[in-house]
Amino acid sequence: MNQYGKPFLNAEWRYLAMLNYEIEPATLRPFVPRGTELDSFNGKTFASMVGFLFLNTRVMGIAIPFHEDFEEINLRFYVRRKADDGWRRGVVFVNEIVPRAAIAWVARWLYNENYLALATGNVLLRSPGEPQNIESAKYFWTFQKRAQFLEVVTDGAPSHFVEGSEEEFIAQHYWGYSKQKDGGTLEYRVDHPVWRIWQARSARLECDVEKLYGKQFAQVLRGKPSSSFLAEGSAITVYRGVKIV
């Protein structure tokens, strides 16, 4: 058995549109799980709005009808934890949007993640004659009867990360952390290969930030992203969580 326990979920994460915002650490500290600390890149702390496709989903090896393919949109930030094998760099989710209530319920029950079930959709524009090249990716949702979206328009062909770049810091994480109801922290492993990315020509977020995420995020997410890109994605495996504190 894998040293991280039994796989809980197998799926593909595809076409991850990532809009990344520099944010004051004080804004994020109330959301930091015990046993972890905020991570930073070149002295900067980031939060990201991310939209992507969840495809071919299997829970404990079983495909659930009508719950295999769907969109997810989330607001996340970055932490790290000193473990026996060194620093583990991970992600904490402020909020995650999916289209199915059952998906949201399972995630809240097993991981205490802040999932919300809303109507979602996507539009992927592919290059004529090159269906693997994505010219733009748009993920949209409806919240309180208002249509909202995030979008990345790409520039050129996908390529591998530059080692030590901001894009590598944002996209390459293999751990998730979530606060539990008793104040503890759940840690879970996510396995995937290194992704290629498309650089962004432009990026846009249309969202009622204050109502969806809270007024503390409003000014930051209404501004221009510090960086944005589209990650190609891959097959992924999420392992069962382990309580660390």
(request) Decide yes or no on side-chain hydrogen bond (donor to acceptor under 3.5 Å, both in side chains) for Y15 and N122, but give the supporting numbers first. (result) CA-CA 11 Å; Y15 308 124; N122 75 87; over 6 Å; no

Pairwise distance [atom1]([X]) to [atom2]([Y]) - rounded to 0.5 angstrom:
X	Y	atom1	atom2	result
F52	L230	CZ	CG	12.5 Å
T154	N133	OG1	CG	6.0 Å
L19	S227	CG	OG	8.5 Å
R201	D155	CZ	CG	5.0 Å
N74	M49	CG	CE	7.5 Å
F140	E151	CZ	CD	11.0 Å

(request) Take atom NZ of K44 as the centre, draw a 6.0 Å sphere, and report whether it contains more than 12 heavy atoms from other residues, nucleotides or ligands. (result) no

(request) Give a yes or no on whether E210 atom CD has more than 12 heavy-atom contacts from other residues, nucleotides or ligands under 6.0 Å away. (result) yes

Taking the side chain as every heavy atom from C-beta outward, state whether [X] and [Y] have any atom pair closer than 4.5 Å.
X	Y	answer
E167	W195	no
F143	L116	yes
T45	L28	yes
L38	F77	yes
Y139	T120	no
K138	L150	no
F54	R14	no
Y177	Y188	no

Quick check: does any side chain N or O of [X] sit under 3.5 Å from a backbone N or O of [Y], one acting as donor and the other as acceptor?
X	Y	result
D69	N56	yes
Q172	E168	no
T185	R34	yes
N20	S48	no
Q180	Y111	yes
N114	V94	yes

Quick check: is [Y] connected to [X] through a chain of hydrophobic side chains (ILVMFWY, heavy atoms under 4.5 Å apart)?
X	Y	answer
L212	I23	yes
V153	L205	no
V194	W198	yes
F149	F70	no

Partners passing side chain to side chain donor-acceptor pair (under 3.5 Å) against [X] (at least two apart in sequence or in another chain):
X	answer
E206	R204
T36	none
N42	none
W141	none

(request) Decide yes or no on side-chain contact (heavy atoms from CB on, under 4.5 Å) for I236 and E12, but give the supporting numbers first. (result) CA-CA 6 Å; I236 62 95; E12 296 177 35; over 6 Å; no

For [X] and [Y], work out which heavy atoms get closest and say how close.
X	Y	answer
Q148	C207	OE1-CA, 3.1 Å
A11	L9	CB-CD2, 3.8 Å
S228	A203	OG-CB, 3.4 Å
G233	L16	CA-CD1, 3.7 Å
R189	D191	NE-OD1, 2.5 Å
W87	E37	CH2-OE2, 3.8 Å

(message) Is there a side-chain hydrogen bond (donor to acceptor under 3.5 Å, both in side chains) between N10 and T237? Walk through the geometry before answering.
(response) CA-CA 5 Å; N10 293 93; T237 299; 2.9 Å; yes

(request) Report the C-alpha separation of W13 and S234 in whole Å, then their side-chain angles, then the decisive distance to 0.1 Å, and conclude whether the side-chain hydrogen bond (donor to acceptor under 3.5 Å, both in side chains) test is met. (result) CA-CA 6 Å; W13 290 349; S234 66; over 6 Å; no

(request) Hey, can you tell me if Y78 and H173 have their rings parallel, tilted or perpendicular (30° and 60° cut-offs)? (result) parallel

(message) Classify the ring geometry of F169 against F46: parallel below 30°, tilted from 30° to 60°, perpendicular beyond 60°.
(response) tilted

(request) Provide the full list of ring pair (Phe, Tyr, Trp, His ring centres under 6.0 Å) pairs with a residue in residues 201-223, sequence neighbours left out, each pair given once. (result) F31-F217

(message) Enumerate the salt bridge (charged side-chain N to carboxylate O under 4.0 Å, His left out) contacts for residues 117-137, please, sequence neighbours excluded, ordered by first and then second residue.
(response) none

(message) For S127 and Q132: C-alpha separation, side-chain torsions, deciding distance, then whether side-chain contact (heavy atoms from CB on, under 4.5 Å) applies.
(response) CA-CA 8 Å; S127 298; Q132 297 305 311; over 6 Å; no

(message) Please determine whether a side-chain nitrogen of the Lys or Arg among R58 and E68 lies less than 4.0 Å from a carboxylate oxygen of the Asp or Glu.
(response) yes

(request) May I ask you to say whether R81 pairs ionically with E187, meaning some side-chain N is under 4.0 Å from a carboxylate O? (result) yes

(request) Go through the steps for R76 and M18 under the test side-chain contact (heavy atoms from CB on, under 4.5 Å), then give the verdict. (result) CA-CA 10 Å; R76 71 186 208 177; M18 297 186 166; 3.7 Å; yes

